[in-house]
Number of protein chains: 2
Amino acid sequence: MIQPFDDTYYMKKALQEAEEAYDKGEVPVGAIIVVKDKIIARAHNLTEQLNDVTAHAEMQAITSAANFLGGKYLKECTLYVTLEPCQMCAGALYWSQISRIVFAATDLERGCRALGTKLHPKTKIEGGLLAEEASELLKRFFSKKRN
Amino acid sequence: MIQPFDDTYYMKKALQEAEEAYDKGEVPVGAIIVVKDKIIARAHNLTEQLNDVTAHAEMQAITSAANFLGGKYLKECTLYVTLEPCQMCAGALYWSQISRIVFAATDLERGCRALGTKLHPKTKIEGGLLAEEASELLKRFFSKKRN
């Protein structure tokens with residue numbers, strides 16, 4: 001049976017968001033939030049444009065999804081994000097009680113797993129999906145920035 | 001010499017913000033950000049009103065201070081907050097590179113120190129100033145909520 005709306009499909013949507021960030025000169029990270037096969041939030045990093053360290057893709061997606069749902073808890077929701085969440089975003093996800101986090105590239109330096117950020121007991125996290133594509137975009141961004 | 005603008009003065013301003021949160025039925029936490037003896041941001045918890053887990057006092061204060069400064073780094077700034085920052089807020093403060101954090105009440109369960117959230121090497125943190133006043137307000141809030 002064909003299952004068009006699988007994790008890979010949604011992560012590709014998150015990668016599209018990351019590419020939008022790239023085009024704006026932002027560190028290219030994108031995020032989407034899905035509930036019952038429906039995308040309810042799309043966001044990409046905007047820290048430079050907004051001059052705001054809190055404007056990570058995940059933070060905006062959490063706010064946007066809560067607006068859509070009319071409640072602040074993201075139960076039964078899945079976040080797809082192209083880079084492993086940092087402490088701030090993982091901390092926000094803790095409060096949101098989100099059901100599942102799927103990230104692409106690992107952040108060994110500032111990622112929530114390396115830094116031991118606590119997630120909510122209800123939250124499952126998994127990484128590595130389309131990690132190469134997400135990493136390549138990040139590498140391309142930082143290499144362009146250096147030159 | 002009289003020094004009217006000391007840490008206690010600013011923490012009292014943060015407590016005023018916490019009281020505003022209390023009056024709105026929000027978990028009473030207030031925050032202000034000061035640079036060179038000038039208050040550049042005031043905020044209180046608005047998670048219920050905004051239906052948004054990211055609307056902690058500190059997060060709003062960080063965004064507001066960056067707007068005021070026209071840059072996203074809060075160098076030479078001090079955050080006064082009535083409750084020890086959580087992982088999310090400490091993670092945001094990490095990105096902001098803020099110089100100093102002064103908090104009142106300790107949060108042994110969800111505070112950044114208990115959970116080991118990493119702060120920026122440039123950031124100093126200290127707690128306990130007007131802790132009783134801040135704790136009393138929180139206790140009053142939760143006791144009222146239960147009854």
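Order of the sequence lines fixes the chain letters, A, B, ..., with proteins taken first and strands second; residue numbering starts at 1 for each chain. Owing to the predicted nature of the structure, the values given are computational and were not obtained by experimental measurement.
Taking every heavy atom of both residues into account, Thr54(A) and Ala92(B) meet most closely at CG2-CB, 4.2 Å.
Linking ILVMFWY residues whenever their side-chain heavy atoms come closer than 4.5 Å, directly or via other members, leaves Ile40(A) and Tyr9(A) in distinct clusters. By the rule that hydrophobic residues join a cluster once side-chain heavy atoms approach within less than 4.5 Å of another member, Leu69(B) and Trp95(B) end up as members of one cluster. Met11(B) and Ile101(B) fall into different hydrophobic clusters, where Ile, Leu, Val, Met, Phe, Trp and Tyr residues are linked whenever their side-chain heavy atoms come under 4.5 Å apart, directly or through other members. Each of Ile39(B) and Leu74(B) belongs to its own hydrophobic cluster when Ile, Leu, Val, Met, Phe, Trp and Tyr are linked at side-chain heavy-atom distances under 4.5 angstrom. By the rule that hydrophobic residues join a cluster once side-chain heavy atoms approach within less than 4.5 Å of another member, Phe5(A) and Leu130(A) end up as members of one cluster.
Distance check, rounded to the nearest 0.5 Å: CE of Met59(B) to CG of Asp52(A) gives 8.0 Å. In this structure, the separation between OG1 on Thr117(A) and CG on Leu115(B) is 9.0 Å, given to the nearest 0.5 Å.
You'll find the side chain of Met88(A) stays beyond 4.5 Å of the side chain of Tyr94(B), heavy atoms only.
By a heavy-atom distance cut of under 4.5 Å, not one residue of residues 134-147 of chain A is near chain B. Identified by a heavy-atom distance below 4.5 Å to chain A, contributing residues of residues 27-36 of chain B are lacking entirely. Below 4.5 Å, heavy atoms of chain A meet heavy atoms from Cys86(B), Gln87(B), all part of residues 75-87 of chain B. Residues of residues 121-129 of chain A placed with any heavy atom under 4.5 Å of a heavy atom in chain B are absent; none qualify.
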### Message
Does Val53(A) form a side chain to side chain contact (heavy atoms under 4.5 Å, CB included) with Ile62(B)? I'd like the steps, not just the answer.
### Response
CA-CA 8 Å; Val53(A) 297; Ile62(B) 292 167; 3.9 Å; yes
### Query
Given the rule in the side chain to side chain contact (heavy atoms under 4.5 Å, CB included) test, do Lys72(B) and Glu48(A) qualify, once you have shown the distances and angles that lead to the verdict?
CA-CA 8 Å; Lys72(B) 63 192 162 85; Glu48(A) 295 304 319; 3.0 Å; yes
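Most heavy-atom pairs under 4.5 Å with chain B, from the set Ser96(A), Cys112(A), Gly116(A): that is Ser96(A).
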